[in-house]
Amino acid sequence: MLAMEFIRAHPDQVRRAAALKGEEAPVDQLLEVDRRWREMTAAAETSRAEQNALSKQFGSSREQTLLPRMRELSAQAKALIAQADALSRERDELLLQIPNVFHETVPIGATADDNVVVREWGTQPSFGFTVRTHYDIGEALGIMDFERAARVAGSRFAFLKGEGARLERAMVQFMLDLHTREHGYTEVLAPFLVNTAAMFGTGQLPKFGDDAFRVQGRDLWLIPTAEVPVTNLHREEMLDAAQLPLNYVAYSPCFRSEAGSAGKDTRGYIRLHQFSKVELVKLVEPDASLGALEELTGQAEEVLRRLGLHYRVLSMCTGDMGFGQYKKYDLEAWAPGLGRYLEVSSCSVFSDFQARRANLRYRPGPGESPRYLHTLNGSALALTRTLDCVLETYQQPDGSVTVPDALRSYLPGVDYLRGGV
RNA sequence: GGAAGGGUGGCUGAGUGGUCGAAAGCGCCCGCCUGCUAAGCGGGUAGGUGGUCUGAAACUGCCUCCCGGGUUCGAAUCCCGGCCCUUCCGCCA
């Protein structure tokens, strides 16, 4: 969330940012409630102050004549504080609904059409035969099974079998190894269920609860991304500047209800209720966060380069950005069979928006006051769609699929996928 | 799941109704001392959120001893509920 202080000082910037992000932001209501809260708080505190002074006096003197006035003040203060608390709760609820502002380099725009391609790598491969989609390839090889998954779990689920399952596992391991060995990340295996507080911390709640699955009867949610547990890893802590930056990489399954995407990407291994993802999370000092976004994005891109997949990087426009994001890049890899780009990564910086919610702080130097960290995260990468792009890019005329060089050591003895176990 | 104990500042750890936002130690900061990063001496050092103020600084109010309620003029301290941790038992992979 934003600092109340910041909203008071820059209400127009906050209004503009919300409008350009396409979010409803109750800024005026918030400012009004905040004003009333401060008024009420002042009154309550005046009363409390007098009560405290008398109480202190009574502590030493035991002067019984003070008691009636003390009782009176006590009751009065309680009433005023109750009113102030109600306002403060109202204010906090409103505050949680205010989206983050964005960086000046973010393109202004309403829809995905306004995103800006900042760079491309490689070219669209050409084939001397009719290309097929990953789901045709996968089903023909018997390594992807949507029908049986539908019977077991419903639509938007999939089984991977044999070489398909091994391929995904190999890709996960390849990505984890790349980020830990070459990019300096610490591997984390995080809880796949988190509590409500954690979901608030990263901003999935209160506004986007419909997108997540909740465990019945318990205060637990299935994580929609490892961003949630990993960004919350140091919640309520006071870190030392010397520990920063913290770089974490986590594999996890991700669970999403896809509430708002009925009819979209219904075919194939693209938009599922459960998918695997390798996620990068960085906790950095404020001054370092924009540079860290470029670094993180580059590290996600490296996965695609090693896999030899053509891709492009988009700077997301205001309207296509998330609620809490300060700046965001999407990585889109080319899927020749589908004939379109698939979003395989989203890399974002949140400034102190999440840190404030999750209470992620550090002490800049000895004797200095605590500050909020800046948080970043990015997929590196989402397995489903990256796997699709591999199948479609490396497909052969005979229906088999060449295993990319980068994955050979992770699939010993398998140079081509031919539907084996 | 059952029993017992426990959650206090950056850290360790005292504190069972008022002069306690909280002893002591560690760490850190400033100064002194010692002719060379140690020891010693003195002082300082929680966070949050308001107000005064153009702002900074400074001063000042309030809140915060896991969370939420309650008792009381007054709660770190007493009562109730919750969460978490430790140990033992049970169960289980």
Side-chain angles (χ1 to χ4, degrees), chain A residues 1-11 30-96 98 189-201 205 214-215 217-221 229 232-244 246 283 285-286 352-373:
Chain A
M1 68 183 128
L2 293 172
M4 192 61 233
E5 197 182 17
F6 178 84
I7 300 175
R8 261 184 235 132
H10 309 284
L30 173 62
L31 288 171
E32 173 59 15
V33 170
D34 175 59
R35 191 190 58 74
R36 283 167 52 208
W37 170 75
R38 279 187 292 164
E39 230 173 62
M40 189 57 69
T41 298
E45 287 180 356
T46 305
S47 181
R48 229 329 113 81
E50 191 186 341
Q51 186 196 350
N52 285 347
L54 281 184
S55 199
K56 194 163 243 180
Q57 198 182 328
F58 183 84
S60 48
S61 74
R62 302 301 157 115
E63 179 53 62
Q64 299 300 311
T65 57
L66 291 172
L67 278 175
R69 176 64 180 153
M70 286 166 76
R71 291 203 179 92
E72 190 185 327
L73 280 169
S74 173
Q76 180 186 324
K78 255 175 203 161
L80 290 169
I81 287 167
Q83 290 182 59
D85 282 351
L87 286 167
S88 140
R89 272 192 299 273
E90 195 180 336
R91 184 198 57 175
D92 291 345
E93 266 174 44
L94 291 167
L95 202 46
L96 286 170
I98 307 289
L189 187 60
F192 299 156
L193 294 162
V194 296
N195 60 27
T196 297
M199 292 285 277
F200 269 96
L205 293 176
R214 184 167 199 181
V215 176
R218 298 287 300 268
D219 179 28
L220 288 172
W221 302 73
N232 279 285
L233 179 57
H234 293 286
R235 64 178 296 127
E236 318 290 340
E237 282 185 46
M238 181 74 70
L239 299 166
D240 285 329
Q243 298 174 259
L244 303 174
L246 288 168
L283 305 180
E285 298 193 60
D352 65 1
F353 193 84
Q354 294 180 325
R356 224 170 255 288
R357 291 175 169 229
N359 203 15
L360 301 166
R361 297 181 301 166
Y362 77 107
R363 202 176 286 284
E368 292 186 52
S369 294
R371 293 189 66 182
Y372 287 107
L373 298 165

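Keep in mind that this is a model prediction, so the values were computed, not measured. Side chains included, hydrogens not; waters and symmetry mates left out as well; all remaining heavy atoms used. Each chain gets a letter, A, B and so on, in the order its sequence line appears, and its residues count up from 1.
Between the CG atom of A:D92 and the P atom of B:U49 there is a distance of 11 Å, given to the nearest Å. Following rounding to the nearest Å, A:R371 (CZ) and B:G48 (P) show an atom-to-atom distance of 12 Å. Look at CD on A:Q57: it is 17 Å from P on B:C73, rounded to the nearest Å.
Base-pair partner of B:U52: B:A58 (Watson-Crick or G-U wobble, both distances under 3.5 Å). Nucleotide B:A23 has no partner under the Watson-Crick or G-U criteria, as no pair reaches both atom distances under 3.5 Å. Using the Watson-Crick or G-U wobble rule with both distances under 3.5 Å, B:C73 pairs with B:G18. When Watson-Crick and G-U wobble pairs are counted only if both distances are under 3.5 Å, B:G68 pairs with B:C80. Both distances falling under 3.5 Å, in either a Watson-Crick or a G-U wobble arrangement, occur for no nucleotide opposite B:C91. Searching all strands for a Watson-Crick or G-U wobble partner of B:C28 with both distances below 3.5 Å returns B:G44.
In the set B:U19, B:G18, B:G48, the nucleotide with an atom closest to the side chain of A:K56 is B:U19. Which of B:G74, B:G61, B:G47 sits closest to the side chain of A:S55 comes down to B:G74.
Across all strands shown, A:E72 has no heavy atoms under 4.0 Å from either base or sugar-phosphate atoms. Among the atoms of the strands shown, only primed sugar atoms or phosphate atoms (P, OP1, OP2) are found under 4.0 Å from some heavy atom of A:N52. Residue contacts shown for A:P370 are limited to sugar-phosphate atoms, with no base heavy atom under 4.0 Å away. The residue A:R69 sits apart from the nucleic acid: no heavy atom pair falls under 4.0 Å.
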For nucleotides 22-25 of chain B, tabulate all protein N/O to nucleotide N/O atom pairs closer than 3.5 Å, reporting atom names and distance.
none

Are there any protein N/O atoms within less than 3.5 Å of an N/O atom in nucleotides 50-56 of chain B, and if so, which ones and at what distance?
{"unit_1": "B:G50", "atom_1": "OP1", "unit_2": "A:R8", "atom_2": "NH1", "d": "3.4"}
{"unit_1": "B:G50", "atom_1": "OP1", "unit_2": "A:R8", "atom_2": "NH2", "d": "2.3"}
{"unit_1": "B:G51", "atom_1": "OP1", "unit_2": "A:R38", "atom_2": "NH1", "d": "3.0"}

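Between B:U71 and A:K78, no contact under 4.0 Å exists linking OP1 or OP2 to a side-chain N or O. Contact annotation: A:R363 reaches the phosphate of B:G47 (side-chain N/O to OP1 or OP2, under 4.0 Å).
Using a 4.0 Å cut-off between charged side-chain N and carboxylate O, A:R35 and A:E32 make a salt bridge. A salt bridge is absent between A:E93 and A:R89: the closest approach of a Lys/Arg side-chain nitrogen to an acidic carboxylate oxygen does not fall below 4.0 angstrom.
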Let me have the donor-acceptor pairs involving side chains of residues 66-74 of chain A, under 3.5 Å, with sequence neighbours excluded, atom names and distances please.
{"unit_1": "A:R69", "atom_1": "NE", "unit_2": "A:E50", "atom_2": "OE2", "d": "3.3"}
{"unit_1": "A:R69", "atom_1": "NH1", "unit_2": "A:E72", "atom_2": "OE2", "d": "3.0"}
{"unit_1": "A:R69", "atom_1": "NH2", "unit_2": "A:E50", "atom_2": "OE1", "d": "3.3"}
{"unit_1": "A:R69", "atom_1": "NH2", "unit_2": "A:E50", "atom_2": "OE2", "d": "3.0"}

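For a distance-only test at 3.5 Å, the side chain of A:R48 fails to qualify as a donor-acceptor partner of the base of B:G61.
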